[in-house]
Amino acid sequence: VFAGLDGKPLVSIVSAGLSKFGKNEGLYARELFAEAVKEAFDHCPRLEPKRDIKAMFVGHMGEAYEHQGHTGAATADWAGLLNIPATRTEAACASSGAALRSGVYAVLSGLADIVLVGGVEKMTHRTTAEVTEYLAMASDYPFEQWNGITFPGLYALMATVHMHQYGTTEAQMSQVAVKNHYHGTLNPKAHIQKEITLEKALTSRIVATPLKLYDCSLITDGASCLVLTKPELANRFTDQPVHIIGSGQASDTIGLYERQSLTSLQAAKIAAKTAYDMAQVTPDAIDVAEVHDCFTIAEIIAYEDLGFCQAGKGGTLAENGTTRLSGRLPVNTSGGLKAKGHPVGATGTAQAYEMYLQLTGQADKRQVKNAKTGLTHNVGGSGATATVHIYRSNQQ
Amino acid sequence: MSETPFTIEQFYKFIAQGKLMAGKCQKCGKIHLPPRTLCDKCYSQEFTWTEIQGKGKLLTYSIIHIAPQQFQDLAPYAVGIIQLENGLKLPGMITTLAPGQLHIGMPLTIDFGTCNTTQTWPQWPRYCFKPSKPT
């Protein structure tokens, strides 16, 4: 399908950075981004950023939070990279998944052989009602927003059908939250590093039936970035690159109501197929994954869309331990959007950051043993954008 | 033939008149609800208006408890996706019903007159869905 690519590295990650996720009071988005960039540059002493980095793509969803658009230029300047081509990518909560994909385009095209990709969002200074309104901007305006359908509301509409059609339960959804909060305790950069009980999740207050507070990801401030290069240049910068071997992106109707299916995200399935085909791997080859758990039902649907289980079996996978750190296929070892947090524009490359740590053996207490192949799945809106990337460690 | 544009704004002007109208492509016959200015199937720009029966069944629903600022006076309120004739679908609020009575597959009818609204937003022509009267 992809002549000449068949499982060979497309690009290589030679360094990565992540700000602390949480309430970062008094910091602007560009300052948070600088924190992530500092880690990535310090971690890669052979990189001379001003000399080497030729272009930059930064995911950022909303101007409303800080009354600030034009984030590409602003973050490039604050990253000490003034004058390089710097472009903001926007695809709602998949904004930095799209930045990563844009970086892959740039490197593979040959126009820029070393690229910084990342994302940022500053959200916690706004009220919950304001954030609810801003996030809803990623959904259809004249039909969904006009009818008061919130973001949790859209995923609730999917959850209602998933429960009806497959018998998925509220307890299975809550198990996703319990798992991801446990993983969050192992990640010192996670927004919330506290375990929760199944009962606490099940009895938390209702947001949009059947989704409760602990089915929802967090409103978080954070930034993330990666340094990408051509595979043949990677060893110039590090002895331990991580290779991206598959990259898929797809779109779907902006309105959930127009979709063929309410229990599956077609864009995610298409993006996954593209990435698997490019990487020449099947779902059973994946050792570790970060999936877009903006709501617990979204992680269950992700298992199915990515082929980790059959359609309708995601709830079972969530409760049988398979996707816990100790299981066969650990998912969201970072704590996911649920516990690490979901600064929307930063999420896609934050998932890739976790994969970089896992596949270079730097994930510390949450390290997945012998992890060789990883996957990230980043969704925008209610599924109108999805990106899927597949990674391979340098040791084979 | 109609001189009115096949836009979302025009769709809501019809809603204000109590009509649920879709655009029908003159070239390939695809019915667009909401109407489109360019047929996504055959790229034609020639359409006629066709009225859609406002009866359908509930595909899915949720009760929204945490609402955006503009809708907070209404919360909690029910929303859903309704399947109309020809496989057409619309999202909307569902009114005059106790939340526990909602179920997938229940028959609903569109309503133009007495939809819930708030002082602040929205003030545009509205439609909503109500349970169909038993026949």
Side-chain angles (χ1 to χ4, degrees), chain A residues 64 126-137 139-166 204-213 215-216 219 251-263 295 297 382, chain B residues 7-12 15 32-36 40 56 58-84 87-95 99-100 102-105 115-118 120-129:
Chain A
R126 293 294 189 173
T127 65
T128 299
E130 285 170 338
V131 173
T132 302
E133 181 188 339
Y134 301 160
L135 289 174
M137 289 179 189
S139 67
D140 172 87
Y141 178 59
F143 293 92
E144 291 177 344
Q145 293 177 48
W146 280 22
N147 283 305
I149 305 179
T150 58
F151 243 90
L154 289 164
Y155 279 89
L157 293 173
M158 296 184 224
T160 300
V161 187
H162 209 278
M163 293 169 76
H164 179 79
Q165 196 167 316
Y166 297 123
S204 58
R205 73 179 166 136
I206 295 168
V207 174
T209 61
L211 302 184
K212 297 165 288 296
L213 186 65
D215 290 304
C216 305
I219 296 167
S251 58
D252 202 348
T253 63
I254 185 80
L256 176 70
Y257 68 97
E258 292 197 274
R259 309 261 173 85
Q260 295 292 318
S261 169
L262 293 171
T263 55
F295 300 96
I297 186 65
S382 62
Chain B
T7 56
I8 291 166
E9 183 179 273
Q10 183 60 41
F11 168 88
Y12 275 103
I15 291 290
H32 299 281
L33 183 72
R36 291 179 181 231
D40 67 325
L58 186 60
L59 289 180
T60 183
Y61 61 90
S62 173
I63 318 291
I64 308 287
H65 286 250
I66 308 289
Q69 232 145 5
Q70 298 87 341
F71 289 92
Q72 276 180 358
D73 295 349
L74 294 178
Y77 52 88
V79 298
I81 298 175
I82 288 76
Q83 171 109 48
L84 303 157
L88 300 170
K89 289 173 276 189
L90 271 185
M93 285 196 192
I94 305 161
T95 56
L102 287 167
H103 60 90
I104 287 176
C115 302
N116 292 335
T117 187
T118 68
T120 49
W121 197 50
Q123 297 300 318
W124 44 74
R126 299 192 56 79
Y127 67 87
C128 57
F129 293 93

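We name chains A, B, ... by the order of the sequence lines, and we start the count at 1 in each one. The structure presented is a predicted model; accordingly, all values stated were derived computationally and were not measured.
Applying the side-chain contact (heavy atoms from CB on, under 4.5 Å) rule to B/Pro35 yields the partners B/Phe6, B/Phe11, B/Trp49; only residues at least two apart in sequence or on another chain are considered. In this view, A/Lys212 and A/Glu170, A/Asp215 satisfy the salt bridge (Lys or Arg N to Asp or Glu O under 4.0 Å) rule, not counting sequence neighbours.
A/Gly148 and B/Ile64 make their closest contact through O-CG1, 4.0 Å (heavy atoms, listed as atom of the first residue, atom of the second, distance). Pairing each heavy atom of A/Tyr257 with each of B/Pro34, the nearest pair is OH-CD, 3.3 Å. Taking all atoms of both residues into account, the shortest heavy-atom contact from A/Gly153 to B/Ser62 is O-CB, 4.3 Å. Summarising the geometry of B/Pro91 relative to A/Glu144, their closest heavy-atom pair is CG-CG, 4.3 Å, with the distance given to 0.1 Å.
With contacts defined as side-chain heavy-atom distances shorter than 4.5 Å, the pair B/Ile104/A/Gln165 does not qualify. Between A/Leu157 and B/Ile81 there is a side-chain heavy-atom pair separated by less than 4.5 Å.
Interatomic distance, OG1 of A/Thr209 versus NE2 of B/His65, reported as 5.5 Å (0.5 Å rounding). Distance check: A/Trp146 CH2 to B/Tyr127 OH gives 10.0 Å after rounding to the nearest 0.5 Å. Rounding to the nearest 0.5 Å places CD of B/Gln70 at 4.0 Å from CD of A/Glu133. Taking CD1 of B/Ile66 as the reference point, atom CZ of A/Arg205 lies at 4.0 Å (rounded to 0.5 Å).
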Verify side chain to side chain contact (heavy atoms under 4.5 Å, CB included) between B/Phe71 and A/Asn147, making sure each step is shown before the conclusion.
CA-CA 9 Å; B/Phe71 289 92; A/Asn147 283 305; over 6 Å; no
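Using a 4.5 Å cut-off between heavy atoms, B/Tyr12 contacts chain A through its side chain alone, with no backbone atom that close. Only the side chain of A/Leu262 comes within less than 4.5 Å of a heavy atom in chain B; its backbone stays farther off. Residue B/Leu90 touches chain A through both its backbone and its side chain, counting heavy-atom pairs closer than 4.5 Å.
Between the side chain of A/Thr160 and the backbone N or O of B/Tyr61, at least one donor-acceptor pair lies under 3.5 Å. Checking side-chain atoms of B/Lys89 against main-chain N and O of A/Leu256 turns up no donor-acceptor pair under 3.5 Å.
Of the listed residues (A/Val207, A/Leu135, A/Val161), the one with the most heavy-atom contacts under 4.5 Å to chain B is A/Val207. The candidate from B/Ile82, B/Leu59, B/Ile8 with the greatest count of non-hydrogen atom pairs under 4.5 Å with chain A is B/Ile8.
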